[in-house]
Chemist: 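Sharing a structure here in structure tokens format.
For the numbers below, each heavy atom of this structure counts, side chains included, while hydrogens, waters and symmetry mates do not. Order of listing sets the numbers, starting from 1, for every ligand and every atom in it. Model, not experiment: these values are computed from the prediction.
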Amino acid sequence: MRSAEIVIIFLCLPALAWASPDPSFDGSGKPVRMKFPSMAQSSSQQGSEEDAKLWIVAKAPDKKARTRALEAGLAIEEVRGDRIHGIASAVTLESLEAAGIEVESATSLLPRMTTKDFPADDAAYHNVAEADKVIRELAASAPKLASVFSIGNSLLGRDILALRLNPTARGTAPSAKPGIVFMATHHAREHLSTEMALGLAKHLVENRAKPELAKLLETRDIFIIPLVNPDGAEYDVEGDRYHMHRKNMRPNGDKTVGVDLNRNYGYHWCETGASSDPRAETYCGPAPFSEPETASVKSFLEARNNIKVLLTYHTFSELILYPWGYTDTPISEAPALKAYKAMAETMAKMNGYTPQQSSELYTASGDTTDWAWAALGIYSFTFELSPKSLWDGGFYPGVPAIATTFAANLRPALYLIGLADDPRRASSADAVAGEDDRPAHANSGR
Ligand code: 0X9
Ligand code: ZN
């Protein structure tokens, strides 16, 4: 399919009222709530090219084809049998064709622009200023436990804030206690991941005196970074409208904006499942760690060899992923692999997600977890949070998803905090002391 032949498809499924030309109405005269977000008009200061996103359905019968699609610049969001669904700009259509990927449909997301109420409905989500405020207020409310510092600045100069929970070390002071870091929103539009990080921060601070948490908090060095990509997150909601933005806000000098921060880490950088074309959603940047956001995470982790576990929250698909992502080969250290699998499977029982090696989803290099494991030996996980599918809201699942996602993912977070002293304990019998195998409560009924 060539760009000129893009068909603007209005899906006729009645439940998908957002796909009608005026998404505020379903034809019955009654206003409906869009499941999918409003998109920005091209009036944004970043220019129209960034906003002209397509929802692409293509044939990709195996993982190799999925990786080729990523390399052509498609951000794959769902794998359904032999088809992939994802987001790209129009130019990527040609690259997909050149890569031998058969595109079945390319649906412009622009017709969904006009709904006015969705951002207001989502007011419970925190923008950058609000998220920073939450973090600072939590720290101020528990000065014996919590402190805040900046791990560095984003491209546009925003602080990338970390909340630290450690009663014996504040700010950037060193600590020998076993450390763990939670990160969120490498990808701008994955706002639910920031909510998960904030929810976890709030839970730990507000329940710090409870016996089940007090000992953990006393003995661990916990870092929570809710916004690795604050510039992108801010842009994505600019003007009270969603821009479906993935990358950071680097002007690439060719009218395109952004580097994919989860392709910019330095292990097997840009070798597979990433693109060197700045127009691509999976653009790996001009060099490994070229972006201040990934460079800040790198320095933050390199300066703290007490950090043993890392969890980076993304959305969506409900997956638990562990290295490697750049290759199908499993990690070579047998005891570590056993521990990774045990951790992923235990957490999957808690939240109902699917555990797998990252490359099972697709092979892609330059992500956070491959680098953190390869360079620093940190046990590193990517969670793809809710929803499971685009049809349940995709990147913009609405306010109810905040509470259900937090409820499903609190226990995995506490479990990882518990294991930070020795992650290899995961594969021994005492690892889940205090844990049980109840199915995830928050997922029941889905
Ligand atoms: O592609 C990504 O960066 C992550 N998915 S997302 O939809 N949030 O963009 C998944 C990264 C998993 N890592 C590898 N497969 N290497
Ligand atoms: Zn992501």
Side-chain angles (χ1 to χ4, degrees), residues 53 55-56 60 63-64 66-79 84-88 183-194 196-197 227-229 232-233 236 244-248 258-275 280-285 291 293-294 297 310-331 340 344 353-374 380-390 394-397 405:
K53 295 284 159 55
W55 182 254
I56 287 175
K63 206 147 54 64
K64 278 199 178 119
R66 298 203 283 274
T67 298
R68 282 209 314 281
L70 288 167
E71 288 169 358
L74 181 72
I76 298 176
E77 304 306 340
E78 287 180 60
V79 179
I84 48 176
H85 298 226
I87 295 167
M183 292 189 275
T185 301
H186 271 73
H187 290 143
R189 59 196 171 204
E190 297 173 9
H191 305 285
L192 184 61
S193 70
T194 290
M196 180 61 217
L227 284 156
V228 173
N229 181 8
D236 197 54
M244 191 70 81
H245 192 72
R246 171 179 171 95
K247 301 185 281 182
N248 75 349
V259 169
D260 183 347
L261 297 180
N262 214 30
R263 297 293 182 279
N264 190 240
Y265 286 83
Y267 191 63
H268 288 267
W269 173 79
C270 216
E271 278 181 15
T272 179
S275 169
E281 291 283 271
T282 50
Y283 176 44
C284 57
E291 304 314 292
E293 294 86 356
T294 50
V297 172
L310 178 157
L311 172 50
T312 176
Y313 293 118
H314 284 250
T315 73
F316 58 92
S317 280
E318 303 192 347
L319 302 172
I320 295 175
L321 306 174
Y322 54 88
W324 300 120
Y326 81 99
T327 176
D328 290 337
T329 310
I331 63 164
Y340 262 119
Y353 292 6
T354 303
Q356 58 189 205
Q357 183 172 328
S358 291
S359 58
E360 264 184 66
L361 178 64
Y362 40 68
T363 345
S365 59
D367 81 2
T368 314
T369 59
D370 273 12
W371 176 79
W373 175 247
S380 300
F381 295 88
T382 302
F383 275 20
E384 295 287 354
L385 299 169
S386 291
K388 215 170 190 122
S389 155
L390 177 77
F395 296 111
Y396 307 98
T405 300

Chemist: Among the protein atoms near the Zn ion (ligand 2), how many are N, O or S and lie under 2.8 Å away?
Modeler: 4
Chemist: Check T363 against L70 and note the closest heavy-atom contact, atom names and distance.
Modeler: O-CD1, 3.7 Å
Chemist: Answer yes or no on whether R189 is positioned over the face of F395, meaning its NZ or CZ is under 6.0 Å from the six-membered ring centre and within 45° of the axis.
Modeler: yes
Chemist: Centre-to-centre under 6.0 Å for W324 and Y267, is that the case here?
Modeler: yes
Chemist: Less than 4.0 angstrom from a charged side-chain N to a carboxylate O is my criterion; do K53 and E77 meet it?
Modeler: no
Chemist: Between T312 and T369, is there a side-chain heavy-atom distance shorter than 4.5 Å?
Modeler: yes
Chemist: Please report the closest heavy-atom contact between E78 and L390, naming both atoms and the distance.
Modeler: OE2-N, 2.8 Å
Chemist: Can you name the closest pair of heavy atoms from H191 and T185 and give their distance?
Modeler: CA-OG1, 4.4 Å
Chemist: What does the list of residues with a heavy atom under 4.0 Å from ligand 1 look like, ordered by chain and number?
Modeler: E77, H187, E190, R246, N262, R263, H314, T315, L321, G325, S358, Y362, A364, D367, E384
Chemist: With the side chain counted from C-beta on, respond yes when Q357 and I331 share a heavy-atom pair under 4.5 Å apart, and no when they do not.
Modeler: no
Chemist: Do F316 and P387 have side-chain heavy atoms sitting under 4.5 Å apart?
Modeler: yes
